[in-house]
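In what follows, a structure is listed as structure tokens, so that the remarks can point back to it.
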Amino acid sequence: MKKLAARRFSISMDAELVGQLDDLVQDKGYANRSQAVADMVRDHLVEHHAEVGAHEIAGTVTLVYDHHKPDLQAALTDVQHDHQELIIATLHVHLDHHNCLEVLALRGRADQVKQVANQLTAVKGVKHGKLTVTTTGKEFAH
Ligand code: NI
């Protein structure tokens with residue numbers, strides 16, 4: 001997306017809320033309110049885009065599972081082979097003797113990314129699975 005010049009506009013909100021915003025700006029180390037509010041808007045847009053099925057998003061699926069569980073790893077691999085076009089990278093860490101941590105990077109239509117994430121986290125024996133949605137970066141100038 002072409003970067004446009006910054007536009008100034010005024011927002012009116014409760015004084016207490018402004019005070020809390022200023023605390024947040026300080027706690028998170030933002031240079032100013034504008035930067036903090038812009039980050040919030042982008043974060044909200046990312047969430048919103050993920051709700052629109054046809055929108056292209058990126059995301060990561062984090063899975064923790066015991067690789068000794070019968071058929072579990074094969075089931076996870078099956079899902080991944082069925083969706084090669086969406087899964088662009090994987091990271092596998094052997095956490096301990098039993099537990100594996102797997103992180104998969106996905107990119108594609110929001111509805112398809114969510115469907116694959118659900119399939120992976122629903123595999124029997126997965127102890128924890130979570131999709132984190134982000135942007136492909138194309139819709140934000142910076
Ligand atoms: Ni492992």
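One-based numbering, in listed order, for ligands and for the atoms of each. The model shown is predicted, which means the values in this text are computed figures rather than measured ones.
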Cluster companions of Leu95 among Ile, Leu, Val, Met, Phe, Trp, Tyr (side-chain spacing under 4.5 Å): Val64, Leu91, Val93, Leu101, Val103
task: Pull up every protein N/O/S atom sitting under 2.8 Å from the Ni ion (ligand 1), skipping waters.
output: His92 NE2, His94 ND1, Cys100 SG
query: Tell me the ring pair (Phe, Tyr, Trp, His ring centres under 6.0 Å) pairs involving residues 98-121, sequence neighbours left out?
result: His68-His98
- prompt: What residue pairs, at least two apart or across chains, pass ring pair (Phe, Tyr, Trp, His ring centres under 6.0 Å) with a residue in residues 5-53?
  reply: His49-His55
query: Could you give the distance from CG (Leu21) to CD (Gln26), rounded to the nearest 0.5 Å?
result: 12.0 Å
task: Verify the neighbour count for atom NZ of Lys130: are there more than 12 heavy atoms of other residues, nucleotides or ligands below 6.0 Å?
output: no
task: Taking the side chain as every heavy atom from C-beta outward, state whether Asp66 and Leu72 have any pair of such atoms under 4.5 Å apart.
output: no
